[in-house]
Amino acid sequence: MKTRKIPLRSCVVTGEKLDKRELLRIVRSKDGEVKVDLTGKMNGRGAYIKRDVKVLEEAIKKKSLERKLECNISDEVYDEIRKILE
């Protein structure tokens, strides 16, 4: 039986290439709204971060997600991500 290919994505903070399921996808839609994509199928520009609170704190400090998504991210979105990771 043929083995399936595991999709790899890069974390925007650490730069690690990990399995897509080990990462959390953040999406900026065409109207500029930033949301957490738990399904991995939402339309828009996506960025992945490792499922770790320390990585999230580093992303906030370095503004990695804001640079990758090319927009400002509100504190509510970061709070939502923090709740998902805990």
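Computed from a predicted structure; not experimentally measured. The analysis underlying the following values was restricted to heavy atoms, covering all of them including side chains, and did not include hydrogens, waters or symmetry mates.
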In a check of side chain to side chain contact (heavy atoms under 4.5 Å, CB included) between Ser64 and each of Leu69, Thr14, Val13, Leu56, which one passes?
Val13
Taking salt bridge (charged side-chain N to carboxylate O under 4.0 Å, His left out) as the test, write out the residues that go with Asp75, two or more places apart.
none
Examine Val12 and Val77 and state if one hydrophobic cluster contains both, with Ile, Leu, Val, Met, Phe, Trp and Tyr joined whenever side-chain heavy atoms are less than 4.5 Å apart.
yes
Any side-chain heavy atom of Arg82 sitting closer than 4.5 Å to one from Asp79?
yes
In terms of side-chain geometry, is the basic nitrogen of Arg21 or Asp19 positioned less than 4.0 Å from the acidic oxygen of its partner?
yes
Arg45 meets the salt bridge (charged side-chain N to carboxylate O under 4.0 Å, His left out) criterion, sequence neighbours left out, with Glu70
So which heavy atom on Ala47 is nearest to which on Lys68, and how close?
CB-CG, 3.7 Å
Non-neighbouring partners of Lys50 that pass salt bridge (charged side-chain N to carboxylate O under 4.0 Å, His left out), sequence neighbours left out:
Glu16
Output the distance between atom CD1 (Ile49) and atom CG (Leu23), rounded to the nearest 0.5 Å.
9.0 Å
Would you say the side-chain atoms of Asp37 pair up with the backbone N or O of Met42, donor to acceptor, closer than 3.5 Å?
yes
Applying side chain to side chain contact (heavy atoms under 4.5 Å, CB included) between Glu80 and each of Val36, Ile26, Leu85, report the one that passes.
Val36
Go through the structure and list residues passing salt bridge (charged side-chain N to carboxylate O under 4.0 Å, His left out) with Arg9, not counting sequence neighbours.
none
My understanding is that only residues two or more places apart in sequence, or in another chain, count here; which of them pass side chain to side chain donor-acceptor pair (under 3.5 Å) with Asn72?
none
Out of curiosity, does Ile81 fall in the hydrophobic cluster containing Ile60 (side-chain heavy atoms, cut-off under 4.5 Å, transitive links)?
yes
Taking C-beta and beyond as the side chain, do Val53 and Glu86 meet within less than 4.5 Å on heavy atoms?
yes
Any heavy-atom pair between the side chains of Leu38 and Ile84 that's under 4.5 Å?
yes
Would you say that Val34 contacts Ser74 through its side chain, given a criterion of any heavy-atom pair below 4.5 Å between the two side chains?
no
List for me each residue that meets side chain to side chain donor-acceptor pair (under 3.5 Å) alongside Glu58, sequence neighbours excluded, and say none if there are none.
Lys62
